[in-house]
Amino acid sequence: MNEFDLIREYFSWPSEDSDVVLGVGDDAAVVNVPTDQQLVMSTDTLIEGVHFSAQADPRDIAHKALAVNLSDIAAMGGQAKCFTLALSLPEIDKRWLGEFSSSLNELAGRYQVSLVGGDTTRGALSITINVIGLVESGSALKRSGASPGDGIYVSNTIGSAAYAWWQLNNDQKPSEENLERLHRPTPQLELGRALNGLASACIDISDGLEQDLGHILDCSNVGAIIELEDLPLDEELSDHVKRTSDYSIALCGGDDYELCFSMPKKRREWLLKRTRELNVRTTRIGEITKSLGMEIKGYSNNSSSYQHFK
Ligand code: ADP
Ligand code: MG
């Protein structure tokens, strides 16, 4: 099987999007962009041995590679449109490619994002996805818009993926749900769209709440007070915290790909209405302050609490 057969077999899917004028098969893709919209673009790479192990399920690798990119579009309040895939493979393994391709196709189908091109090379296993989204001109959610008095919110639960990872490394069995969160994160695209026009700043949590909220604070030149008691934790992590009083996984555990955003108080009713419609949970965990820095209430900063992640 040569490179062209491989592309035809595994990565040439018909696009249902009439804006995709040319997809896989030419020198480059051609995609229509509505006149009142802007492109939102993001790239992420996953490398074997760094981001996943040699034994990892190809379906999980494909899902995660696309999901983390879609999550960046979600954090910008954009709508995912299309993506390219640069794949470096040590060998042609048809079983691996079949599973990788079908999982990628499934997630792409769920969010109607078209695979429009890519590159295939021989080398150590790595996957780079470049995703392109659209946003109404001037309306992209940035890290820089938070103002003192805004509420700080997160979607669903935080620390769930990291707790699953911690359990795997400590001879404990994670819940099925948390394993799924770890291996097949859900990009919060619908929520991101809904936040466009509501949130003042937004980021997706890939490196942990403390670090990622820190980016919003830095970019917005503000500080925050966080209430530890208000962090939305799943049942397993909540039990762990009760047993150990250790909030480090909740605060510093990454890989959840939930959204963290700030929003003026007066928009709270709107947020509740929209999230009810979308069936997504959002929780207010604190407030943006004028004084810089992050004050975490209810947390005694003892150094051992951070050791798993730093
Ligand atoms: P070029 O020589 O112009 O870079 P390639 O031979 O690399 O073209 O690729 C041929 C076509 O297949 C292009 O349209 C490219 O976008 C597409 N392609 C290559 N690899 C992939 C891949 N892994 N997934 C999707 N499309 C791919
Ligand atoms: Mg090429």
Side-chain angles (χ1 to χ4, degrees), residues 1-34 37-74 76 78-135 183-187 189 204 206 257:
M1 178 178 252
N2 67 26
E3 179 194 333
F4 303 107
D5 295 332
L6 185 155
I7 296 163
R8 220 182 351 260
E9 172 111 14
Y10 298 106
F11 301 113
S12 300
W13 315 325
S15 169
E16 283 168 22
D17 185 345
S18 58
D19 286 335
V20 176
V21 179
L22 254 184
V24 171
D26 213 302
D27 292 313
V30 180
V31 181
N32 291 330
V33 182
Q37 310 217 331
Q38 289 173 317
L39 301 179
V40 190
M41 294 176 274
S42 176
T43 302
D44 263 309
T45 297
L46 298 190
I47 298 172
E48 184 186 286
V50 180
H51 302 98
F52 58 87
S53 73
Q55 295 79 38
D57 186 332
R59 287 168 298 205
D60 290 344
I61 300 171
H63 182 106
K64 195 154 184 174
L66 181 55
V68 301
N69 276 284
L70 294 176
S71 177
D72 284 323
I73 301 295
M76 302 301 291
Q79 182 180 358
K81 185 76 173 163
C82 55
F83 69 104
T84 58
L85 165 71
L87 194 56
S88 164
L89 298 166
E91 60 186 347
I92 294 180
D93 175 342
K94 290 189 177 179
R95 186 194 65 85
W96 193 97
L97 276 163
E99 291 179 359
F100 180 91
S101 159
S102 78
S103 169
L104 194 67
N105 186 303
E106 190 185 313
L107 185 62
R110 197 181 311 163
Y111 294 104
Q112 286 159 12
V113 49
S114 305
L115 175 59
V116 296
D119 197 25
T120 307
T121 51
R122 193 177 284 266
L125 181 59
S126 89
I127 300 112
T128 297
I129 286 182
N130 180 226
V131 65
I132 297 177
L134 295 173
V135 72
H183 294 308
R184 300 196 187 203
T186 302
L189 280 162
D204 65 327
S206 54
Y257 299 96

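It should be emphasised that the depicted structure is a prediction, and the values quoted were computed from it without experimental measurement. Whatever order the structure lists them in is the order used to number ligands and atoms, beginning at 1.
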| task | Scan V116, V24, N105 and name whichever one has a side-chain contact (heavy atoms from CB on, under 4.5 Å) with W13. | result |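 Of the listed options, the one satisfying the test is N105.
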
| query | Near G25, which atoms of ligand 1 are under 4.0 Å from a heavy atom of that residue? | reply | 11 (C), 13 (C), 14 (O)

| said: Show the atoms of ligand 1 that are less than 4.0 angstrom away from any heavy atom in F4. | reply: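 Selected atoms, number and element: 6 (O).
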
| task | Using a 4.0 Å heavy-atom cut-off, say whether D26 meets ligand 1 through its side chain, its backbone, both or neither. | result | backbone

| query | Within the structure, does V24 bring an N/O atom to less than 3.5 angstrom of an N/O atom in ligand 1? | reply |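 No - when backbone and side-chain N and O of V24 are compared with those of ligand 1, no distance drops under 3.5 Å.
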
| request: Output yes when the distance from some N or O of ligand 1 to some N or O of G118 is under 3.5 Å, and no in every other case. | output: yes

| said: For Y10, state whether at least one heavy atom is located under 4.0 Å from any atom of ligand 1. | reply: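 Per 4.0 Å heavy-atom rule, Y10 does not contact ligand 1.
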
| message | Run the side chain to side chain contact (heavy atoms under 4.5 Å, CB included) test on L97 and L87 for me, step by step, so that the C-alpha distance in whole Å, both residues' side-chain angles and the decisive distance to 0.1 Å come before the verdict. | response | CA-CA 11 Å; L97 276 163; L87 194 56; 4.3 Å; yes

How about [X] and [Y]: do any of their side-chain heavy atoms sit closer than 4.5 Å?
| X | Y | result |
| --- | --- | --- |
| V135 | M76 | no |
| I132 | V31 | no |
| S101 | F11 | yes |

| note | A student comparing D27, L87, T120 should find that the heavy atom closest to atom 21 (C) of ligand 1 comes from T120

| Which of these, I129, I7, L115, L6, has its nearest heavy atom closest to atom 9 (O) of ligand 1? | I7

| request: Answer yes or no: is there a donor N or O on one side and an acceptor on the other, between the side chain of S15 and the main chain of D17, under 3.5 Å? | output: yes

